[in-house]
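Reviewing the structure listed below.
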Amino acid sequence: MAETIIGIDLGTTHSAVGVVDSGFPILLANEDGKRIIPSAVWIGPDGEIETGDRALRRRAADPQRVVTSIKRLIGRRHDEIDPDFPLPVTRDANGLPRVLGRTPEEISASILRELKRIAEWRMETTVRKAVVTVPAYFHDAQRAATKRAAELAGLDVVRIVNEPTAAALAYGLDKLGDDSRVAVYDLGGGTFDLSILRLHDGVFEVLATHGDTRLGGDDLDARLLHAHAPDLDPARWLAEACRVKCALSDAGTATLRAPFHNGGDSLEVAITRDMLEREAAPLIRRTLDHARRALADAALTPADIDAVILVGGSTRIPAVQRAVAEFFGREPDLSQHPDEAVALGATIQAGILGGAMQRMVLLDVTPLSLGLETYGGLMNVLIPRNSTIPCKAGEMFTNAADGQRSMRVRVLQGEREMAADNRELGSFEVNFDPAPKGRARVGVQFRIDENGILEVLARDTRTNRDTVVNLDNAAVNVDDAAVEKMVGESVDHAFEDMSARIFTEARLKADELLPAVDAALATGLVEPAERAEIEAAAAAVRAAIDQAAANPLKQAVQRLDRATETLAARLIDRAMDEALDRQL
């Protein structure tokens with residue numbers, strides 16, 4: 001059984017947590033639906049703690065008690081810390097830094113504790129183990145301090161993973177050819193680093209890394225605010241500058257707004273993308289200087305790089321993407337969310353270590369659900385998506401009409417609720433002796449062997465006559481793009497598909513129930529008050545069918561079921577009495 005291990009990106013400005021579920025890595029959202037939470041901690045005067053967005057909301061009223069960018073201090077001595085750290089940093093008896101009386105490990109533990117809480121809430125289970133990422137340039141003391149912070153949060157760190165390695169895993173670059181070289185350009189909120197990785201025997205080796213722990217999106221926010229709204233207090237209005245910066249990644253103009261910033265006056269400043277890019281230009285040049293040094297350390301040139309990936313929220317800035325493309329002479333890979341790539345890679349590593357995920361997932365699981373069409377055109381799943389192979393599953397089916405002599409088995413693959421929306425892998429007829437409706441029994445079993453060959457067996461249980469069909473590689477030999485398309489379509493059409501299934505199932509039930517109700521009403525065993533309720537319920541069912549309304553039809557069928565319970569029992573009693581009379 002797979003062991004639950006979570007993956008954590010403990011970032012300078014934002015953090016995230018993920019887990020492998022059903023063979024796929026997913027990031028877990030908090031109660032607000034956010035997968036990315038700010039790496040912020042509010043420490044109250046009496047030791048109270050709030051984290052994430054709740055902490056940032058206190059910044060306007062209590063800026064000196066909101067700690068951000070604590071990652072810049074973790075594992076460092078007091079004389080090594082950044083003098084521009086936003087809050088006062090004291091020195092304890094051991095020469096280590098403290099902020100608001102707490103060590104960087106203790107503050108980081110508060111963030112990790114919140115990530116652990118989100119994971120346990122989402123997964124409804126206790127979590128004790130984690131993979132945690134760190135920058136490639138972190139030295140032993142910083143790595144050990146990160147591990148201690150996780151232990152304070154109640155987590156056993158089973159692996160520390162370099163952030164560029166995690167990002168490369170998230171982008172699927174472990175599938176590149178051996179001896180491939182990858183550049184990871186990581187521009188986050190507080191730090192920048194450029195790492196050169198080499199893939200050898202399926203393992204990423206960091207050849208060189210270069211960066212700046214005081215270069216990131218926060219610095220651009222400060223420059224933007226200083227250049228266009230110098231009278232605003234950065235402690236209160238940096239978040240607004242960040243909002244404008246993010247908006248300009250998609251729009252040509254955005255407005256910086258500071259209502260009642262000095263107690264009475266409000267400020268509005270229109271900022272264009274050109275203005276932002278002028279402020280960003282010197283910061284981007286500094287990142288490329290570090291890229292040159294990293295390449296020189298690895299004895300490589302930009303032409304030697306096989307892939308370039310972007311990590312960190314600040315890489316969404318179009319000017320950054322253009323500069324990276326020009327420097328390396330190739331377009332960077334933008335297939336992953338830059339804020340989520342490191343956390344996703346940590347989650348993949350956690351899944352591999354815990355046994356919930358193999359490195360080549362699609363070779364040993366079914367990428368799409370397998371099932372067959374049932375009466376009414378519904379998709380009946382026998383083997384769900386991501387089932388580990390070899391595997392088998394079966395179900396019993398019956399005839400839908402009196403005197404039916406055969407059943408057509410349509411084998412389907414896909415994630416949609418209706419058979420017509422899925423891919424047909426094959427079909428065949430199963431013959432059986434004619435029988436009244438619902439009396440014939442045909443067992444259908446799907447079996448996938450270790451080679452990915454799907455065998456479908458259908459058996460008439462009365463005669464034990466078998467029909468067997470092999471569908472070579474239908475189970476697993478599906479192009480990745482096709483899998484993504486079919487899964488994406490199932491998500492896009494989830495509500496309408498479920499509505500169609502609810503309506504179809506309710507319609508089938510109604511088609512059985514209405515004739516039986518009409519026949520029962522003609523027996524003379526119905527009380528007048530009972531008749532009125534049954535007729536009203538039956539009319540509601542017919543109206544819902546005419547309107548093609550799924551949930552109203554389901555509710556109307558349930559109402560008719562309840563209204564006829566007493567009558568059904570009375571009819572059964574009469575039938576039993578008549579049977580006894582015949583025996584006397």
Side-chain angles (χ1 to χ4, degrees), residues 9 11-12 133-138 160-217 219-220 249 280-346 348-349 359:
D9 170 23
T12 306
T133 62
V134 297
Y137 57 76
F138 258 25
I160 294 279
V161 178
N162 288 327
E163 289 170 0
T165 299
L169 281 174
Y171 277 85
L173 299 185
D174 53 324
K175 300 177 181 63
L176 289 174
D178 207 28
D179 208 40
S180 297
R181 293 169 176 82
V182 178
V184 182
Y185 181 101
D186 186 349
L187 183 59
T191 63
F192 168 76
D193 63 83
L194 190 290
S195 300
I196 308 296
L197 279 57
R198 181 172 71 105
L199 180 63
H200 183 65
D201 291 335
V203 177
F204 282 110
E205 174 190 5
V206 179
L207 297 179
T209 186
H210 223 284
D212 190 337
T213 58
R214 289 185 287 170
L215 174 60
D219 302 284
L220 180 53
S249 290
L283 302 181
I284 295 172
R285 283 196 296 271
R286 286 169 60 190
T287 68
L288 298 180
D289 287 342
H290 290 296
R292 291 186 185 90
R293 293 169 190 159
L295 285 168
D297 291 346
L300 298 172
T301 69
D304 297 323
I305 300 300
D306 299 298
V308 181
I309 61 176
L310 301 183
V311 180
S314 297
T315 60
R316 286 198 295 267
I317 298 172
V320 170
Q321 297 176 7
R322 292 197 305 270
V324 172
E326 182 178 352
F327 179 84
F328 285 99
R330 64 168 57 241
E331 290 296 323
D333 188 337
L334 303 175
S335 61
Q336 294 294 327
H337 191 301
D339 282 326
E340 298 180 354
V342 171
L344 197 63
I348 291 170
Q349 183 65 64
R359 287 188 179 273

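We count residues from 1, following the sequence as given. Atom set for the values below is all heavy atoms of this structure, side chains included, hydrogens, waters and symmetry mates excluded. Quick caveat: nothing in here was measured; it's all calculated off a predicted structure.
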For the atom pair [atom1] ([X]) and [atom2] ([Y]), what is the distance rounded to the nearest 0.5 Å?
X      : Y      : atom1 : atom2 : value
Asp9   : Glu340 : CG    : CD    : 10.5 Å
Glu331 : Glu326 : CD    : CD    : 11.0 Å
Thr209 : His290 : OG1   : NE2   : 10.5 Å
Thr287 : Phe192 : OG1   : CZ    : 4.5 Å
Ile284 : Leu220 : CD1   : CG    : 8.0 Å
Asp193 : Asp186 : CG    : CG    : 5.0 Å

Find out whether [X] and [Y] are in side-chain contact, i.e. whether some heavy atom of one side chain is under 4.5 Å from a heavy atom of the other.
X      : Y      : result
Asn162 : Val134 : yes
Leu344 : His337 : no
Leu199 : Asp306 : no
Ile309 : Gln336 : no
Asp304 : Leu295 : no
Thr315 : Gln321 : no
Ser249 : Ile317 : yes
Phe327 : Leu194 : no

Specify the closest pair of heavy atoms between [X] and [Y], including all atoms of both residues, with the distance to one decimal.
X      : Y      : value
Val320 : Ser314 : CG2-O, 3.8 Å
Ala183 : Ile196 : CB-CD1, 4.1 Å
Ala208 : Asp297 : CB-CB, 3.8 Å
Ala346 : Ala166 : N-CB, 3.9 Å
Ala168 : Leu197 : CB-CD2, 4.1 Å

Would you call Asp289-Arg292 a salt bridge at under 4.0 Å N-O?
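The answer is yes: the pair qualifies as a salt bridge.
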Please assess Arg316 against Asp339 for the test side chain to side chain contact (heavy atoms under 4.5 Å, CB included), listing each intermediate value before the final yes or no.
CA-CA 9 Å; Arg316 286 198 295 267; Asp339 282 326; 2.8 Å; yes
Counting only N and O atoms by type, is there a donor-acceptor contact under 3.5 Å from the side chain of Arg330 to the main-chain atoms of Ile305?
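Here the side-chain-to-backbone pair exists.
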Decide side chain to side chain contact (heavy atoms under 4.5 Å, CB included) for Leu207 and Leu300; before the verdict, give the C-alpha distance in whole Å, the side-chain angles of both, and the deciding distance to 0.1 Å.
CA-CA 10 Å; Leu207 297 179; Leu300 298 172; 4.3 Å; yes
